Amino acid sequence: MKHDMVTITIDGRKTSVPVGTTILAAAQQMGIHIPVLCHHPKLTVTGACRVCIVEIGGQPVTSCTAVAEEGMEVTTASPYIEGLRRDIVDLILSDHPYDCMVCERAGDCELQELAYKYSIRQPVFQGERRIYTKRDGNPFIERDMEKCILCGRCVKVCDEVQGVGAIDYAYKGFETKICPPFERDLDCEFCGQCIAVCPTGALVSKPSLGKGRKRNVNTVETVCPYCGCGCNITYDVVKNEVIRARSRQDTINEGWLCVKGKFGFSFINSPDRLTTPLIRKDGKLVPAGWDEALDLIGERLRKIRAADGPDAIAGLSSARCTNEENYLFQKLMRAGVGTNNVDHCARY
Ligand code: SF4
Ligand code: SF4
Ligand code: SF4
């Protein structure tokens, strides 16, 4: 045995993993599925939901917090463990609204999936319900705290990924809820990271409300047009209208977007968008073809250069263009026009 590795047995199969590996991670590496609600691969461990329990030495242990030790024998799915998991999901659902029929996340909800897996139509444990009034003044994020399962993913992503800490747990026991300081309206960077990690319909995108659930959309993979970072975006499209922006975790931006990428897509469907070049004629902007517009630009540049020299011309490029487009633009200015007067909005 190498000292930096430990050998354990999961569901009768032996595996060696580095010291410090959790049982959940070891099982995932072996392709063994263990259900989770609070765990997220990009966030630190929480150990809040208990759904990932496994059996170690006859005892139920949360696999996301249990670290592999030499010789450990783990059972991930026995009638005993599945019974406990069913009870845990039942308890989570005991104060959850029966909103699946109208919920934005139905069909894409990790809690609904577990309720389906364990056939929980009506929770056995019926208790008090938490009733919260929605009172968000912000234009981006709908926060329905009655659907919140207190998994803490949103708190962690806001702190660990975004570095903002706009939300946290407040109060104690049954009164516990996630909210901004002093229960004010959310006032943050509106990156939408919390929506991306929320396993339920507690946090959803306001601009997308009622426009289409994830199962009923066409998806288009693209690159965000806003800046040179080039984040990968998945647009959800319904009837040729972009209704939602998301990003996959296996992308260069690891699924994270900023407020522009996440919410700034309404311009795509705007009727005010320019779809053709415009040339000013007699003081009015008139639609023109590309050949006509480019011929005019070339003619004007040639005239200015002949009259006042190439340095009378300057070119301003854009961060919304690709690196290749910006390279070609400076080439055009330097080699074509003959000036080094070229700059770029990203310098701001
Ligand atoms: S959050 Fe999930 S379980 Fe709750 S109402 Fe919405 S779809 Fe149903
Ligand atoms: S939108 Fe971003 S900054 Fe605001 S609460 Fe969510 S994660 Fe935090
Ligand atoms: S709002 Fe969503 S991510 Fe945040 S704690 Fe509740 S269920 Fe978890």
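These numbers were taken from a predicted model, which means no experiment stands behind them. Counting starts at 1 for both ligands and their atoms, in listed order.
Residue-level proximity to ligand 3 for L150 is carried by the backbone, the only part with a heavy atom below 4.0 angstrom.
Here E104 does not pair with K147 in a salt bridge; the nearest charged N to carboxylate O distance is not below 4.0 Å. Note on D108 versus R213: no salt bridge recorded, every NZ/NE/NH1/NH2 to OD/OE distance being 4.0 Å or above. Under a 4.0 Å N-O distance rule, the pair K303/E299 qualifies as a salt bridge.
Heavy-atom contacts of L203 reach the following atoms of ligand 3: 1 (S) (cutoff under 4.0 Å). Counting the atoms of ligand 3 from 1 in the order shown, those under 4.0 Å from a heavy atom of I149 are 6 (Fe), 7 (S). Atom numbering of ligand 1 starts at 1 in the shown order; those under 4.0 Å from a heavy atom of D99 are 5 (S). Near I141, with a cut-off below 4.0 Å to any heavy atom, the atoms of ligand 2 are 1 (S). Of all the atoms in ligand 1, the ones that sit under 4.0 Å from a non-hydrogen atom of G201 are 1 (S). Proximity to A106 (heavy-atom distance under 4.0 Å) selects the following atoms of ligand 1: 7 (S). For ligand 3, the atoms sitting less than 4.0 Å from at least one non-hydrogen atom of C198 are 2 (Fe), 3 (S), 7 (S), numbered in the order shown with element in parentheses. Proximity to C188 (heavy-atom distance under 4.0 Å) selects the following atoms of ligand 2: 1 (S), 3 (S), 4 (Fe), 5 (S). Using a 4.0 Å cut-off to heavy atoms of A202, the atoms of ligand 3 that qualify are 1 (S), 2 (Fe). The distance from ligand 2 to the heavy atoms of E189 drops below 4.0 Å at these ligand atoms: 3 (S). Close approach to F190 involves these atoms of ligand 2, each under 4.0 Å from a residue heavy atom: 1 (S), 4 (Fe). Residue-ligand proximity, G152 to ligand 3, at heavy-atom distances under 4.0 Å covers atoms 5 (S), 8 (Fe).
Between the side chains of N253 and S247, at least one donor-acceptor pair of N or O atoms lies under 3.5 Å.
Distance CD1/I141 to SG/C194: 4.0 Å, rounded to 0.5 Å. For the atom pair CG (N326) and CD (Q330), the distance works out to 9.0 Å, reported to the nearest 0.5 Å. Taking CG from D291 and CG from L296, the interatomic distance works out to 12.5 Å, rounded to the nearest 0.5 Å.
For atom 6 (Fe) of ligand 2, the N/O/S atoms of C158 include none lying under 2.8 Å. With 2.8 Å as the limit, C148 counts as an N, O or S neighbour of atom 6 (Fe) of ligand 3.
When C194, G163, C154, C191 are ranked by how near their heavy atoms come to atom 2 (Fe) of ligand 2, first place goes to C191. Nearest residue to atom 8 (Fe) of ligand 1 from C103, A115, C100, C109 is C100 (criterion: closest heavy atom).
Checked by atom type and distance alone, the side chain of E70 never pairs as donor or acceptor with a backbone atom of I8 at under 3.5 Å.
Using cut-offs of 30° and 60° for the angle between ring planes, the F140 and F190 rings count as tilted.
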Show, in sequence, the C-alpha distance, side-chain angles and deciding distance for T44 and E160, and conclude whether the side chain to side chain donor-acceptor pair (under 3.5 Å) test is met. CA-CA 8 Å; T44 56; E160 295 174 5; 2.4 Å; yes
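Closest of all the heavy-atom pairs between Q249 and H40 is NE2-NE2, 3.1 Å.
In this structure, atom 4 (Fe) of ligand 1 lies nearest to the protein heavy atom H96 NE2, 2.1 Å.
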